[in-house]
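Shown next, in structure tokens, is the structure this report addresses.
Count residues from 1 along the sequence. Everything numeric in this text was worked out from a predicted model, so none of it was measured. Keep in mind that the numbers below use all heavy atoms, side chains included, and drop hydrogens, waters and symmetry copies.
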Amino acid sequence: MATDWLGSIVSINCGESLGVYQGRVSAVDQVSQTISLTRPFHNGVKCLVPEVTFRAGDITELKILEIPGPGDSRQCGDLQQMEMGIPGVGCQVGPSQNGTGKVLKKPMSSSAPQNIPRRTDVKSQDIVISPQQQCSKSYMDRHMETLTQSKGFRRRHNSWSSSSRHPNQVTPKKSGLKNGQMKSKDDECFGDDIDEIPDTDFDFEGNLALFDKAAVFEEIETYERRSGTRSRGTPNEKPARYRHDENILESEPIVYRRIVVPQNPHKEFCTDSGLVVPSVSYELHKKLLSVAEKHGLTLERRLEMTGVCASQMALSLLGGPNRLNPKNVHQRPTVALLCGPHVKGAQGISCGRHLSNHDVHVILFLPNFVKMLESITNELNLFSKTQGQQVSSVKDLPDTPVDLVINCLDCHENAFLRDQPWYKAVVDWANQNRAPVLSIDPPISEMELGIDAKWSLALGLPLPLGERAGRVYLCDIGIPQKVFQEVGINYHSPFGCKFVIPLHST
């Protein structure tokens, strides 16, 4: 009697954790209480095994989707349509007008595939069986009732060994996920036969040689030229590179020569931004300072401005915030300040006062003279109120190397000072100390310097300094623009946001 149901298409619900199976009944074993489905589908996805066998305890609900008609050699709803994803191929058996059962086929659409009906789709479906199948139906009902009375669900794979296991029984593992969706995805991704994997390694080098990168790039560039998608330049044109301080927006062209002197400069410098700064002669520089003093920029103001700029540069050379930190009291820097009895020396004394105010140990050397300039006397009075040390003998200068030497010994006019014994002794000490030297407002290159400087600080506009002046810096001492114009200099400030800027030889 059980063989009467062979070939029927059924839907077996195995619970929420393991999902629903559909397939054609291939075997019903009364002894072991099992039913087998051939070419099964699990939750609408074709299983990898050709046949699945269920025990009575595995099944919670069973629905008959299709029963082959008696004497009909053509099986209703070919299983291939299930493989295409068409749901419950649509054989529903209903009574005819004369009382005899006939097969009612559901309309099927081949244009759009559908999912195999789940439990919610087939729960309300009723199956009417013809009188010719009543005997078989009664047996099937009793058998299905026995299957649905069992509790729990146990499935086994082909590797399960038991005396009651059907030879073709295949039961997948529990996946722990709802409806076994992850299991079906894993089987779909990793379920290929291992024998189908090729033994030979993939030839990466040979495959890469087949790709002509130059031809592909040429084709892309040709397409961009024809379609106009390239908005800037030609394919071979390199994009412009900008520094962090350059403006990428289009503006008026930059004029790099914004300072014009009346005489041809002997030497020209340029700033970091490319602005040209010409040098001036000592006579023109002296005239510029004289006109500025006449308009109110007195010597005292100029000395103060020079001292501030020179001290700022010296503090940067000494290490800046990394060295001059209140927590680093053990690293207090030492500066030897060498000054002569002239205005250049007064500028150095002003610088030493500001350095001492910033907790720098300053040793000021100034030779003893019976009569000093008023500017020097005023600066010495202010310096004496600081913690700085003043000496007049070379023997009182430190024997160990200092952090920085500031040279203010040389003067533009009084060249006879170089012949003095104290001058020669100080020069020898500075050369033997091996400390870096900063020279403030050094003389022009025609005058030989006794101490080679590593850095030199020019005031307002640079003089044509030589190689022994080291790297040249320029400081702003506050000369107004109209003062420059009065002496015949077309001037635009090159300082920007700074008061001390470096200059480079052109």
Side-chain angles (χ1 to χ4, degrees), residues 266-267 279-287 289 299 302-303 306-307 310 313-314 335-352 362-377 379-380 383 390-399 401-402 404-473 475:
H266 297 281
K267 191 173 184 178
S279 64
V280 295
S281 62
Y282 173 69
E283 289 77 13
L284 183 59
H285 192 273
K286 184 178 178 180
K287 181 180 179 181
L289 297 180
L299 177 61
R302 194 169 76 243
L303 292 178
T306 303
M313 181 177 177
V335 174
L337 189 60
L338 310 179
C339 298
H342 38 66
V343 177
K344 307 300 180 185
Q347 295 174 352
I349 299 173
S350 177
C351 175
V362 179
I363 302 176
L364 171 62
F365 171 82
L366 183 67
N368 285 328
F369 280 84
V370 177
K371 187 178 180 180
M372 291 286 187
L373 295 176
E374 183 180 0
S375 58
I376 294 181
T377 303
E379 293 296 333
L380 283 177
F383 181 80
Q390 180 183 354
V391 298
S392 58
S393 175
V394 180
K395 296 180 182 180
D396 297 331
L397 292 174
D399 298 332
V402 296
L404 181 65
V405 173
I406 299 180
N407 180 20
C408 297
L409 293 174
D410 298 302
C411 180
H412 297 284
E413 294 89 0
N414 299 331
F416 66 92
L417 294 177
R418 299 167 186 255
D419 299 331
Q420 299 294 326
W422 61 267
Y423 182 91
K424 295 180 180 180
V426 172
V427 170
D428 293 339
W429 176 88
N431 292 330
Q432 293 175 4
N433 192 268
R434 298 181 181 275
V437 179
L438 168 62
S439 182
I440 299 178
D441 194 15
I444 56 178
S445 59
E446 286 78 4
M447 302 179 64
E448 184 179 358
L449 299 177
I451 303 175
D452 292 340
K454 188 174 183 180
W455 307 280
S456 293
L457 182 63
L459 309 180
L461 285 177
L463 300 175
L465 302 176
E467 297 295 333
R468 299 186 65 180
R471 186 174 183 181
V472 181
Y473 284 76
C475 74

Any sub-3.5 Å donor-acceptor pair from H266's side-chain atoms to L465's backbone N or O? no
Value for OH (Y473) from OG (S456), rounded to nearest 0.5 Å, stands at 11.0 Å
### Task
Would you mind reporting whether E379 and S350 have side-chain heavy atoms less than 4.5 Å apart?
yes
Closest non-hydrogen contact found for L459 with C475 is CD2-SG, 3.2 Å
Any non-hydrogen side-chain atom of V335 less than 4.5 Å from a side-chain atom of V402? no
Within the distance-only criterion (no hydrogens, no angle test), does the side chain of S375 pair as donor or acceptor with the backbone N or O of A346 below 3.5 angstrom? no
Treating W429 as the side-chain partner and P398 as the backbone partner, does any N or O pair qualify as donor plus acceptor under 3.5 Å? yes
- Query: Got I376 and V343 here, is their nearest side-chain heavy-atom distance under 4.5 Å?
  - Reply: no
- Query: Can you find a heavy atom in the side chain of I363 that is under 4.5 Å from one in the side chain of V391?
  - Reply: yes
Heavy-atom closest pair (G352 atom, V362 atom, distance to 0.1 Å) is O-CG2, 3.8 Å
Rounded to the nearest 0.5 Å, the NZ atom of K424 sits from the CG atom of L417 at a distance of 12.5 Å
So N407 and L438, do their side chains get closer than 4.5 Å, heavy atoms only? no
**Message:** Taking S279's backbone N and O only, do any of them form a donor-acceptor pair with H285's side chain (distance below 3.5 Å, no angle check)?
**Reply:** no
To the nearest 0.5 Å, atom CD1 of I440 lies from atom CG of L409 at 11.0 Å
Has the side chain of D452 got a donor or acceptor atom that lies under 3.5 Å from a matching backbone atom of A469?
-> no
Within-4.5 Å side-chain heavy-atom neighbours: P436 and W455 = yes
| said: Is it the case that the side chain of T306 and the backbone of Q347 share a donor-acceptor pair, with hydrogens and angles ignored and the cut-off at 3.5 Å? | reply: no
Taken to the nearest 0.5 Å, the spacing of W422 CH2 from L338 CG works out to 9.5 Å
Here the pair of heavy atoms bringing V427 nearest to G450 is CG1-O, 3.3 Å
Closest non-hydrogen contact found for H342 with C411 is CD2-CB, 3.6 Å
Beyond-backbone contact of F365 with V426, side-chain heavy atoms, under 4.5 angstrom: yes
The reported gap from SG in C339 to CG in L366 (rounded to nearest 0.5 angstrom) is 6.5 Å
D399 atom CG, neighbour heavy-atom count above 12 within 6.0 Å:
no
Is there side-chain contact between L380 and L364, with heavy atoms separated by less than 4.5 Å?
yes
* Asked: Would D410 and Y423 count as having a side-chain donor-acceptor pair, cut-off 3.5 Å?
  -> yes
To the nearest 0.5 Å, atom SG of C351 lies from atom CG of L303 at 12.0 Å
### Query
When you look at NZ of K267, are more than 12 heavy atoms from neighbouring residues, nucleotides or ligands closer to it than 6.0 Å?
yes
